[in-house]
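Read through the structure below, which is laid out as structure tokens, and then see the notes.
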Amino acid sequence: MELEKKLAEGKNNVVYQSGDMAVKVFKEKYPKADVLSEALITAQIEDIGLNIPKIKEVSVIDGKWAIAMDYIPGKTIEQLMKENPDKKEEYMEMLVDLQIEMHSKTCPILKKLKDKLYSRINGLDVIDDAKKYELLTRLDGAPKHKKLCHGDFTPQNVIISDNDGKPYIIDWNHATIGNASADIARSYLWLSLYMPEMADKYMEMFCKKTKTDKVYVQKWLPVVAAARLYNNIPEEQGLIMKWIDVVEYE
Ligand SMILES: Nc1ncnc2c1ncn2[C@@H]1O[C@H](COP(=O)(O)OP(=O)(O)OP(=O)(O)O)[C@@H](O)[C@H]1O
Ligand SMILES: [Mg+2]
């Protein structure tokens, strides 16, 4: 397989174009199980009626695990927002609508969001036991939903295709089934960190369109923020700690 063009480089992988495929090549130390899990999760979601790149191949290229999938020609919403700042709100609405559409789906075979959040928070050593207990109790009391949640639904993970003009959701590594409000809280957190001017508008637009009380989303913020600490990104720590300590929303 010829890796023709580098499309993006992240902490754990480099994505190349190879003909009509995009090939995500993982760094050598990235766990094999995580690569196979990402491919499996994506494959499980392929046929539920969302626009996503389908998995074509999982292989080892020069000693590194790689996932080959459909190449979606186009730009991510993050790129488009940067290039067309006057259209930011339009793109934001497209994202909100897409996230709502995704939440209308389910995929019972996937892990439960609550279980994933529980194990991430339980394993943290940067928060004290009392705080951990409070967060886990809050998580335990949350209603059990079965909506498809992306887990990292951000402007970086949606590509508008040059072929059909439609948005395609990528990067399904963290997909689970659970509460839409938790998935929105996770998007809100990312926006607060990297596009702060969009964060409140995003949450408000979602709440308005779905007639969700904002409190339902806000209640998830401390839990979702704590789970994000698992990623161990030093620049994020300060803001995340603030979200964890946020007082009860009423
Ligand atoms: N199927 C695809 N078609 C076209 N471009 C893609 C495709 N998949 C990924 N890309 C490009 O590569 C970038 C990174 O891909 P992706 O979001 O899957 O990885 P990542 O964010 O580094 O992953 P992770 O969050 O799991 O570390 C995307 O933002 C996009 O620019
Ligand atoms: Mg990504």
Side-chain angles (χ1 to χ4, degrees), residues 7-8 10-16 18 21-61 64-72 76-78 95 98-123 139 144-159 161 166-187 189-190 220 223-224 227-228 230-232:
L7 298 171
K11 201 167 71 156
N12 300 316
N13 60 67
V14 182
V15 181
Y16 299 90
S18 174
M21 292 196 293
V23 187
K24 196 168 178 178
V25 182
F26 292 84
K27 305 249 159 107
E28 256 153 20
K29 293 211 170 89
Y30 194 75
K32 184 202 316 189
D34 289 358
V35 176
L36 299 179
S37 156
E38 178 166 339
L40 180 62
I41 292 172
T42 314
Q44 284 163 337
I45 296 165
E46 270 180 23
D47 295 318
I48 62 171
L50 292 169
N51 283 329
I52 78 166
K54 294 194 177 186
I55 301 292
K56 296 293 179 192
E57 201 177 299
V58 178
S59 60
V60 178
I61 301 174
K64 297 176 191 133
W65 283 93
I67 301 176
M69 65 195 110
D70 294 325
Y71 169 63
I72 312 296
T76 65
I77 291 205
E78 183 187 44
L95 267 186
L98 189 60
Q99 200 166 7
I100 293 171
E101 186 197 345
M102 180 187 69
H103 292 154
S104 74
K105 312 278 182 192
T106 190
C107 186
I109 205 166
L110 293 184
K111 260 196 202 164
K112 295 187 180 67
L113 176 58
K114 279 177 84 167
D115 292 346
K116 182 163 181 171
L117 292 170
Y118 195 97
S119 68
R120 289 207 157 185
I121 295 171
N122 203 29
L139 178 60
K144 292 191 178 84
H145 289 177
K146 290 197 170 154
K147 295 178 172 168
L148 176 59
C149 295
H150 182 277
D152 192 21
F153 196 93
T154 71
Q156 287 184 328
N157 285 333
V158 177
I159 299 175
S161 164
K166 290 186 181 152
Y168 283 71
I169 312 171
I170 61 167
D171 205 357
W172 288 92
N173 194 15
H174 303 293
T176 53
I177 47 167
N179 296 61
S181 295
D183 200 45
I184 294 293
R186 177 59 177 68
S187 298
L189 188 75
W190 187 92
W220 280 100
V223 168
V224 166
R228 173 82 181 177
Y230 178 90
N231 296 58
N232 200 10

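Everything numeric in this text was worked out from a predicted model, so none of it was measured.
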> Shortest non-hydrogen contact from Ala185 to Trp220?
Replying inline: CB-CB, 3.7 Å
> Below 4.5 Å, heavy atoms only, C-beta onward: do Leu189 and Arg228 meet side chain to side chain?
Replying inline: yes
>> Is there a side-chain contact (heavy atoms from CB on, under 4.5 Å) between Glu38 and Thr42? Walk through the geometry before answering.
In response: CA-CA 6 Å; Glu38 178 166 339; Thr42 314; 4.3 Å; yes
> Taking the side chain from Thr106 and the backbone from Lys146, do they hold a donor-acceptor pair closer than 3.5 Å?
Replying inline: yes
> Of the non-hydrogen atoms in Ile170 and Gln156, which two are nearest, and what is the gap between them?
Replying inline: CD1-O, 4.1 Å
> Could you state the interatomic distance from CG (Asn51) to CD1 (Ile159), rounded to the nearest 0.5 Å?
Replying inline: 11.5 Å
>> Counting C-beta onward and ignoring hydrogens, is there a side-chain heavy-atom pair between Leu40 and Ser37 closer than 4.5 Å?
In response: no
>> We want to know whether His103 and Asp183 form a side-chain donor-acceptor pair, criterion being a heavy-atom distance below 3.5 angstrom.
In response: yes
> Would Leu98 and Ile100 satisfy side-chain contact (heavy atoms from CB on, under 4.5 Å), going step by step from the backbone distance to the final call?
Replying inline: CA-CA 5 Å; Leu98 189 60; Ile100 293 171; over 6 Å; no
>> A side-chain contact here means heavy atoms from C-beta on lying under 4.5 Å apart; do Leu7 and Tyr16 qualify?
In response: no
> Does some side-chain heavy atom of Leu113 sit less than 4.5 Å from a side-chain heavy atom of Leu117?
Replying inline: yes
>> Tell me whether Asn157 contacts the main-chain N or O of Asp152 through its side chain, where contact means a donor paired with an acceptor under 3.5 Å.
In response: yes
>> Please evaluate residues Tyr168 and Ile52 with respect to the criterion side-chain contact (heavy atoms from CB on, under 4.5 Å), reporting the C-alpha separation (whole Å), side-chain torsions for both, the decisive distance (0.1 Å), and the verdict.
In response: CA-CA 5 Å; Tyr168 283 71; Ile52 78 166; 5.6 Å; no
>> Within the 3.5 Å criterion, strictly below it, is a donor on Gln99 or Ser187 matched to an acceptor on the partner's side chain?
In response: yes
> Which class fits the ring pair Phe153 and His150: parallel under 30°, tilted 30 to 60°, perpendicular over 60°?
Replying inline: perpendicular
> What's the shortest heavy-atom distance between Val223 and Ile121, and which atoms?
Replying inline: O-CD1, 3.5 Å
>> Quick check against the 3.5 Å criterion: does Glu46 have a side-chain atom that pairs as donor or acceptor with the backbone of Ile55?
In response: yes
>> Quick one: does any side-chain atom of Lys114 pair with a main-chain N or O of His145 as donor and acceptor, under 3.5 Å?
In response: no
>> How close do Trp172 and Met102 get, counting heavy atoms only, and between which atoms?
In response: CH2-SD, 3.7 Å
> When rounded to the nearest 0.5 angstrom, what distance separates CG in Leu50 from OG in Ser104?
Replying inline: 7.0 Å
> Is there side-chain contact between Phe26 and Pro31, with at least one heavy-atom pair below 4.5 Å?
Replying inline: no
> Which atom pair, heavy atoms only, marks the closest approach of Leu95 to Val158?
Replying inline: CD2-CG2, 3.5 Å
>> So Leu148 and Thr176, do their side chains get closer than 4.5 Å, heavy atoms only?
In response: no
> Quick one: CD1 on Ile72 to CD1 on Ile169, what's the gap to the nearest 0.5 Å?
Replying inline: 11.0 Å
> Side-chain contact, heavy-atom cut-off 4.5 Å: Val58 with Trp65?
Replying inline: yes
> Got a second to check how far Ile41's CD1 is from Leu36's CG, nearest 0.5 Å?
Replying inline: 11.0 Å
> When rounded to the nearest 0.5 angstrom, what is the spacing between SG in Cys149 and CD1 in Ile184?
Replying inline: 9.0 Å
>> If you count heavy atoms of other groups shown closer than 6.0 angstrom to NZ of Lys105, is the number above 12?
In response: yes
> Can you name the closest pair of heavy atoms from Lys24 and Asp171 and give their distance?
Replying inline: NZ-OD1, 3.3 Å
>> Apply side-chain contact (heavy atoms from CB on, under 4.5 Å) to residues Asp70 and Met21 and explain how you reach the verdict.
In response: CA-CA 5 Å; Asp70 294 325; Met21 292 196 293; 5.9 Å; no
> If we only count heavy atoms from C-beta on, is the Ile67 to Val23 side-chain gap below 4.5 Å?
Replying inline: no
>> Please determine whether the number of non-hydrogen atoms from other residues, nucleotides or ligands lying under 6.0 Å from atom OH of Tyr230 exceeds 12.
In response: no
